[in-house]
Participant: 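Once you've had a glance at the structure underneath, I'll fire off some questions.
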Amino acid sequence: MTQDTETLARAVTSGDRRALSRAITLAESTRPDHRAAARALLRVLATAERDAMRIGLSGTPGVGKSTFTEAFGMRLVEAGKRVAVLAVDPSSARSGGSILGDKTRMERLSRAPEAFIRPSPARSSLGGVARRTRDAILICEAAGFDVILVETVGVGQSETMVADMTDLFLLLLAPAGGDELQGVKRGIMEIADLILVNKADGDLAATATRTCADYAGALRLLRRRPQDPEGFPAAMTCSAVTGAGLEQAWEAMCRLDAWRREGGHLTARRRAQAMAALDQEIREGLLTRFRAAPAVTARLPALAEGVRNGHLTPEDAAEQALDLFVAGEKPLPRP
């Protein structure tokens, strides 16, 4: 570990916001030297032994995730909590840059000294989270934040990875009627700890109440999980505009978090998440090394052309490429 890494780690744990931003930028970098420095930094920060409540938030586009995040974050700040928001934005398919900017949509929260907002482009990552979101969570935790809220791109079949790196998963939905319940995948319902029907105000208040009852009924049909107390998963109404229901939602989160901590379920959950992260890192690392292998880069264009022309099946081409990769890998020295 270099002197610069030690200095950065001390600055992060002391609450230096600029150091926090630099640390997350370092963790998000794909440069080999930055990756090595980021791993060293995370090893040091792990010794801080600080513990935050990690909350994942997802929902369909237009449901009001950013409005909810700001209103909910301000409530927590007013209650004396330090809040970090990791907002993963949609990305341009061409440039990879972020299309939206959560700091511009959370003006009040971004000005609060007790809050930290970090938007990150999702780029090509599946799951609605950036690849290094887990690292950013650990860095924010070491910086002393009490609550870390991960706001994801949106709901879909592959948008559930946030549940593999947070303690609680919130699903934000809009008031709707008719067959709208059928549009929500069972998988996302099964991992949700709390369903919040937003926009429960004005003319939509009655509709939100009915929608909440529909989801509550659907949740009762799902099998109760052993890590959940009676009454969870739950469905509630709230309004990010008026603030109605936000306090009740926070109290429900605290009850569930306390139950899991006291019963050892949270420890088991985080250990399972660490194993999932290990598997992900191995897969990503293998893919990176595969694409960088000289034998593969020399032969892959021809194999791809063979597949494109129909002279090779994708399976045969992949088999040849993998054989080249394995043959070119040097065996690791025995410890």
Side-chain angles (χ1 to χ4, degrees), residues 1-2 4-5 22-43 46 86 88-99 119-139 150 152-154 156-165 187 272-335:
M1 182 177 62
T2 65
D4 289 343
T5 304
R22 290 201 307 272
I24 295 178
T25 299
L26 182 66
E28 291 177 341
S29 175
T30 57
R31 278 178 42 175
D33 57 333
H34 287 177
R35 292 305 315 139
R39 287 194 295 270
L41 176 66
L42 288 167
R43 284 195 294 270
L86 302 176
V88 184
D89 277 337
S91 300
S92 166
R94 294 185 177 180
S95 67
S98 184
I99 295 175
S120 298
R123 295 188 177 93
S124 60
S125 296
L126 293 176
V129 290
R131 181 182 173 188
R132 294 298 169 189
T133 300
R134 176 180 167 82
D135 292 347
I137 290 173
L138 298 177
I139 292 170
V150 183
T152 69
V153 172
Q157 286 180 304
S158 63
E159 302 276 348
T160 58
M161 282 175 61
V162 67
D164 284 333
M165 57 183 69
Q273 290 172 350
M275 295 306 296
L278 170 63
D279 183 66
Q280 177 70 14
E281 288 298 325
I282 290 174
R283 284 188 277 116
E284 294 283 356
L286 282 173
L287 185 58
T288 300
R289 292 174 65 176
F290 171 80
R291 288 173 172 168
V296 174
T297 56
R299 180 64 178 153
L300 197 56
L303 293 173
E305 185 64 21
V307 173
R308 188 178 298 110
N309 294 334
H311 298 151
L312 277 175
T313 66
E315 292 79 5
D316 287 339
E319 185 75 16
Q320 292 184 41
L322 289 170
D323 286 343
L324 289 169
F325 172 67
V326 173
E329 283 291 286
K330 297 178 180 179
L332 296 174
R334 292 181 178 272

Participant: Flag the pair Thr133 / Met165 as yes when at least one side-chain heavy-atom distance between them is below 4.5 Å, and no otherwise.
Facilitator: yes
Participant: Taking the side chain as everything from C-beta on, heavy atoms only, tell me whether Val307 gets closer than 4.5 Å to Thr313.
Facilitator: no
Participant: Between Val296 and Ala321, what is the shortest heavy-atom contact and its length?
Facilitator: CG2-O, 3.8 Å
Participant: Taking the side chain as every heavy atom from C-beta outward, state whether Arg283 and Asp279 have any atom pair closer than 4.5 Å.
Facilitator: yes
Participant: Please give me the minimum heavy-atom distance between Leu303 and Ala317, naming the atom from each residue.
Facilitator: CD1-O, 3.7 Å
Participant: What distance separates Leu41 CG from Arg22 CZ, expressed to the nearest 0.5 Å?
Facilitator: 10.5 Å
Participant: What residues, two or more places apart in sequence or in another chain, satisfy side-chain hydrogen bond (donor to acceptor under 3.5 Å, both in side chains) together with His311?
Facilitator: none
Participant: Does the side-chain contact (heavy atoms from CB on, under 4.5 Å) test come out yes or no for Leu312 and Gln320, once each step is laid out?
Facilitator: CA-CA 10 Å; Leu312 277 175; Gln320 292 184 41; 3.8 Å; yes
Participant: Is there a donor-acceptor pair under 3.5 Å between the side chain of Glu28 and the backbone N or O of Ala136?
Facilitator: no
Participant: Start with the C-alpha gap between Arg132 and Arg35, add the side-chain angles, then the distance that decides, and say whether side-chain contact (heavy atoms from CB on, under 4.5 Å) holds.
Facilitator: CA-CA 11 Å; Arg132 294 298 169 189; Arg35 292 305 315 139; 3.2 Å; yes
Participant: Over all heavy atoms of both residues, which pair between Ser29 and His34 is shortest? Give the atoms and the distance, please.
Facilitator: OG-ND1, 2.8 Å
Participant: Scan for salt bridge (Lys or Arg N to Asp or Glu O under 4.0 Å) pairs involving residues 308-328, sequence neighbours excluded, and state none if there are none.
Facilitator: Glu305-Arg308
Participant: How far apart are the closest heavy atoms of Asp135 and Ala27, and which atoms are they?
Facilitator: CB-CB, 4.0 Å
Participant: What's the spacing between Leu287 CG and Phe290 CZ if we round to 0.5 Å?
Facilitator: 8.0 Å
Participant: In Å, rounded to the nearest 0.5 Å, how long is the span from CG of Leu286 to CZ of Arg291?
Facilitator: 12.0 Å
Participant: Atom OG1 in Thr5, atom CG in Leu26: separation rounded to 0.5 Å?
Facilitator: 7.5 Å
Participant: Within this structure, what is the CZ-CD distance for the pair Arg134 and Glu281, rounded to the nearest 0.5 Å?
Facilitator: 9.0 Å
